[in-house]
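What follows is a short report on a single structure.
Keep in mind the model is a prediction, meaning the values are calculated, not measured. Residue numbers begin at 1 in each chain, while the letters A, B, ... track the order of the sequences. Values below: every heavy atom of this structure, side chains too, minus hydrogens, waters and symmetry copies.
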Amino acid sequence: MEHSVTVELVDVTKYYENKCLFRNISKKLLPGECLTVTGPNGSGKSTLLKIISGLVKTSSGKINLRCNANRLISPCERAKYIGFVSPELVFYKSLTGYENIDFIAKASGMAALPEFIMASLQRVGLSGQAHEPVINYSTGMRQRLKFALLLVLNPPLWLLDEPSSNLDTAGKKLVADLIHKALTRSTSIILATNEAEEANYAHQKINLA
Amino acid sequence: MEHSVTVELVDVTKYYENKCLFRNISKKLLPGECLTVTGPNGSGKSTLLKIISGLVKTSSGKINLRCNANRLISPCERAKYIGFVSPELVFYKSLTGYENIDFIAKASGMAALPEFIMASLQRVGLSGQAHEPVINYSTGMRQRLKFALLLVLNPPLWLLDEPSSNLDTAGKKLVADLIHKALTRSTSIILATNEAEEANYAHQKINLA
Amino acid sequence: MLNHRISNIITALAAVGVIYAVFFIVPPVEGLGEKVRIVFFHIPAAWISVMAFVLSALWALRYLNTHQIEYDRKSATAAGLGFFFCLLATISGALFAKITWGAYWNWDPRQTTIFILLLLYGASFALRTAIHDIDQRAKISSAYSLLSIVVMPFLVFVIPRYYSSLHPSPVINSAAKIAMDPVMLYTLIAALLVASALFRQLFIYYIERTRRRDLAQKDSPEGGGRL
Amino acid sequence: MHTKKLTWPNSAWAILYKDLLCEFRTRYALGTLTMFTLVTLSGISMTLAGAAISSSIAAMLLWIILFFCAMAGLARTFVYEQEAGTLFTLRLYANGQAVLAGKLLFNILLLQLVTALLIPLFLIFLNIEVHLWGQLVYVLFFGTVGVAAVATLTAFMVSCTNAKGSLFTVITFPLLLPQFLTAIAATEQILTDMIPSWNECFFLAGYDATVIAAASLLFDYLWYD
Amino acid sequence: MHTKKLTWPNSAWAILYKDLLCEFRTRYALGTLTMFTLVTLSGISMTLAGAAISSSIAAMLLWIILFFCAMAGLARTFVYEQEAGTLFTLRLYANGQAVLAGKLLFNILLLQLVTALLIPLFLIFLNIEVHLWGQLVYVLFFGTVGVAAVATLTAFMVSCTNAKGSLFTVITFPLLLPQFLTAIAATEQILTDMIPSWNECFFLAGYDATVIAAASLLFDYLWYD
Ligand code: HEM
Ligand SMILES: Nc1ncnc2c1ncn2[C@@H]1O[C@H](COP(=O)(O)OP(=O)(O)OP(=O)(O)O)[C@@H](O)[C@H]1O
Ligand SMILES: Nc1ncnc2c1ncn2[C@@H]1O[C@H](COP(=O)(O)OP(=O)(O)OP(=O)(O)O)[C@@H](O)[C@H]1O
Ligand SMILES: [Mg+2]
Ligand SMILES: [Mg+2]
């Protein structure tokens, strides 16, 4: 990994017309640290992650992503530093798993070697179905595909929203391994989850009441 | 509940052009029993449930649904006897949760009283957002909405595919309660899951290698 | 398929006979002259194309009632051949029109009918090729061909009423315009019979071929053969 | 009991209502159609620049516009359900006949709306005067109903394929031609202040009836496989 | 290293390629497109029933057909991404300019294809003879490019704000009109063997340039809101 990312949340507040999700959250996440976001359904975990990814605006306060602890990362180049695993991440159904990863990588401004893509598909146990259209994938296989994408993009900041949903025990184990490995490689990870055991990776915690 | 449903799987086999998912599954599920379907990702759990619901054809063998243990239920009236909770069940995003349930109930041939709908939304903890468009729901709230729908339709056969995915601990507990209650009211339940603890409800098991 | 081969031979002979008759027995007609000979290719072609359309619809109905892929295969094959004959009819008709009316195409009602027939055939192919799952494909294209057969009568009845026709009435209501001397009539009938026979032979051949291909697919190591 | 049974017509109403609601919240179809009518009409009238056109061509233009609007608006009948993933829900729970009826009604309504929008503009832009209003409305109504009926069924067929937009037109047009031609002929007569013959009017209505009947017979085969 | 950086034009290519792939996954998409043009044209020429039409009406018809083909196809550029939920993915990872360029190219290509299919058939069916081929191609190309550009931008607006979708579609209508009318006028002249005046040609090209520039400026605001 060339560079690492530091995430600063400065008084982040988000409310929708009718309700306030969270207010004045301030945190600083260093490379190699894991921040877990917990809370009941509808408490705003995914929203917070989307705010950090830049897809949703804060109501007040702001997010600073710093490359190698100094340079600020501008909105338009964020894509290159962030990997997002989310239930809302949807693949192109008529394309195969391989094509999806290849396309998204290219669209985000990097060309990946075919064997590298295949290797990461292998890693998540999809090498068999690499060339089947995603519409034929099972929910679990789609979830695995998201991690294959993450491995290919290999960004310095991971945003994981319910990473192990729809996965079988083997899959859950795989995710745990990936997270551990990533942390050792000084990746910053922000993890929104409902599972108690996933909260254990945390160096820091945010609990949205 | 007026009537109960008996499910007979007779030599059910399913293969897709390139692979065989399962073959010659035969089971008989009586009212008030729970059948769990387990297996790794991509083993065919959801496919089996879809076959039972009549949305997917078997390659060979057949499914018999009997009303009150004798009369066969024809394909066109199946809808009235089956409730399906599945990751593939999608609501109309521009409609509110309430409208979605109201519509689906009506489309399936029953009109539910508003207070009854509100009551079941209350039961799954969505009374607050009943009148928000589903597009604003969080993943967990959508999952809860599926159960609200199930409560309104109140069918004698429940097909639950990963019922507790995306749910927080409270939600998981809610699902467990619902399943227990339903079983005591002689509902037949078929449950496809990756979670070990959910497999405990089982009176019968199918494990897809 | 020995008897198939035999019937092939018979059909071939009959065809040769008819062609001979067309070119050497039938007398040239005043007005049309030698060109009248086109009629003996044109009319049968037109008729087969219409007949095939009906046949394919009938088989489509059979399919929808008994979900046996066999019937869909038949329906599809009939449509395919029908398309082919339809093209022949159109082309021969166009030539004929050029000769008699001086223009290849002028939306004469009959031309319109056959053109729409062409469109319907084409549409059902576009539909077929866009669906990959076999059962789905069979189901939907059957429904489509039934829908089109329901609409067909409207075409046949409406179009002649809104376009003045130069076109002679077909032979069934046998008041054929050109005074048909018996030789012509018999030759024409013979031609129709031969054309039908030809259709049947081709039909059987293609059915066999597709069936063999499907079986081959089923038996291949990956796929249904796994069962 | 908290719930009571509904007959399928009520379900059909529910589906119609749902579609109206969705359409009302995301005015997709209506927006597109308005644009279509506006652009084409202004295009036409400005190219004609006041030059009068024969009523036959006027009739043709009118129906071509209507046809294209239909193709543009009705293709999405089922396709959007499928792309949004709600088709799964609908097929799981909804009664086939109800779906057909509901969608059909919605499409008819949509086309009627477009027609209502189109006609006045059309007559103004091409400064045509109509005296046989009753007949015109009759022809327009039954003409569009036929279009809607065929389109509803073909739209569902298309939603099961992987070639969406253009295929819809391709498989719909040939089926519509008889209706299309009759309607044009009738409209032309009306625009020349001739009362169209009974059998034309009869034909239009008959076509609609036949197609609707056929649709409702065929749809169940498609809906429950 | 397993990966290497790409500049945004490459990303644009990737997006174009993806769209083409999705579009042509059905091997016969092209066949369908041909059928489509065939259908529309035969419809027109059939309703004309051989009656000759003035070149002004011919030009108008040509552009109306093109416009409808364009709208039918292009309006969904982004809407289908949004309905399928892939817009989230795209916005998350893809570069705004790349997306715009890719989609724009795709739409232009599609329209060019339709035009290429349409023109010969059009000339045959309405038996029109053209001598100023160069000018015709010029007008058609720049005309369609303009339509594509506007359509792309509109399509994105429609996709991002559902509720106001219709509003935007109606707004773009005046945007499109000048191009539309100029193109028709120019085509008419060409069909009557007059060489269209330079300023018309300039207008067409200029319009395209302006719209595309405006689009690429606007798009980033919309993309990274
Ligand atoms: C449904 C399709 C068609 C049928 C059933 C049909 C039937 C016939 C029949 C029965 C005749 C013989 C009339 C006679 O010799 O007395 C005939 C002649 C002819 N047909 Fe067709 N035809 C069809 C399509 C066409 C088409 C598509 C064209 C032109 C493109 C065409 C052009 C002609 C011409 C020019 C003649 C000769 C007329 C004459 O003898 O003066 N027909 N057709
Ligand atoms: N239309 C199809 N064509 C070919 N293969 C398919 C099709 N639909 C599903 N499959 C395959 O069937 C297998 C089973 O899918 P299914 O969704 O039933 O898995 P599952 O047991 O539900 O997995 P999960 O635990 O992830 O939900 C998958 O490997 C998938 O690739
Ligand atoms: N566009 C919006 N307008 C209004 N409210 C919204 C909007 N988007 C989300 N919300 C609300 O924000 C709340 C938080 O949503 P979010 O998806 O972040 O929850 P979550 O913590 O991820 O829940 P889950 O555990 O189910 O994923 C929800 O109550 C939802 O209703
Ligand atoms: Mg969430
Ligand atoms: Mg599953």
Side-chain angles (χ1 to χ4, degrees), chain A residues 1-2 46 49-50 53-57 74-96 99-120 133-135 142 145-146 149-155 159 161, chain E residues 1-27 29 76-103 105-106 159-160 163 216-217 219-225:
Chain A
M1 169 123 25
E2 317 81 352
S46 306
L49 263 61
K50 274 184 262 175
S53 74
L55 286 174
V56 172
K57 279 215 165 359
S74 77
C76 3
E77 48 174 352
R78 264 196 185 147
K80 295 192 173 36
Y81 294 86
I82 294 181
F84 201 164
V85 170
S86 154
E88 293 171 56
L89 187 74
V90 180
F91 291 104
Y92 291 89
K93 293 201 172 52
S94 57
L95 301 184
T96 68
E99 288 165 341
N100 266 288
I101 291 184
D102 186 43
F103 162 64
I104 296 175
K106 286 201 180 114
S108 75
M110 57 165 61
L113 297 178
E115 46 275 18
F116 182 49
I117 298 180
M118 284 312 290
S120 23
V134 167
I135 190 159
R142 287 177 197 189
L145 191 57
K146 291 172 194 169
L149 175 63
L150 196 61
L151 289 176
V152 170
L153 298 179
N154 184 20
L159 304 176
D161 191 359
Chain E
M1 197 48 195
H2 314 292
T3 61
K4 67 187 212 312
K5 293 253 164 297
L6 287 178
T7 58
W8 73 260
N10 302 59
S11 307
W13 280 120
I15 288 164
L16 171 63
Y17 177 74
K18 182 270 292 178
D19 277 342
L20 286 175
L21 209 56
C22 288
E23 182 69 27
F24 290 96
R25 259 295 131 91
T26 59
R27 287 154 310 180
R76 308 197 56 274
T77 316
F78 288 98
V79 171
Y80 88 84
E81 299 249 9
Q82 187 214 25
E83 276 168 358
T86 50
L87 195 57
F88 179 91
T89 317
L90 211 56
R91 294 190 76 150
L92 181 60
Y93 287 118
N95 169 315
Q97 290 302 315
V99 171
L100 178 64
K103 294 288 189 184
L105 281 174
F106 176 71
S159 80
C160 46
S216 83
L217 287 179
F219 200 74
D220 271 357
Y221 288 110
L222 297 171
W223 193 248
Y224 312 99
D225 50 356

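Among E:L90, E:V99, E:N95, the residue making the largest number of heavy-atom pairs under 4.5 Å with chain A is E:L90. The candidate with the highest count of non-hydrogen atom pairs below 4.5 Å against chain E, out of A:S53, A:A79, A:A105, A:G54, is A:A79. Of the listed residues A:L95, A:I82, A:V152, A:L149, the one with more heavy-atom pairs under 4.5 angstrom with chain E than any other is A:L95.
In plain terms, the two heavy atoms of E:A101 and E:A12 that are nearest each other are CB-CB, 3.8 Å. When all heavy atoms are compared, the tightest approach of E:Y93 to A:I104 is CD1-CG2, 3.6 Å. Between E:I15 and E:G102, the shortest heavy-atom contact is CG2-CA, 4.1 Å.
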Practice problem: Would you check, one step at a time, whether the test side chain to side chain contact (heavy atoms under 4.5 Å, CB included) holds for A:F84 with A:L49? | Solution: CA-CA 9 Å; A:F84 201 164; A:L49 263 61; 3.8 Å; yes
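Heavy-atom distances place the side chain of A:E99, and not its backbone, under 4.5 Å from chain E. When heavy atoms are compared at a cutoff of 4.5 Å, A:L153 approaches chain E solely by way of its side chain, counted from C-beta outward.
Residues satisfying the side chain to side chain donor-acceptor pair (under 3.5 Å) test with E:T86, not counting sequence neighbours, are E:E81.
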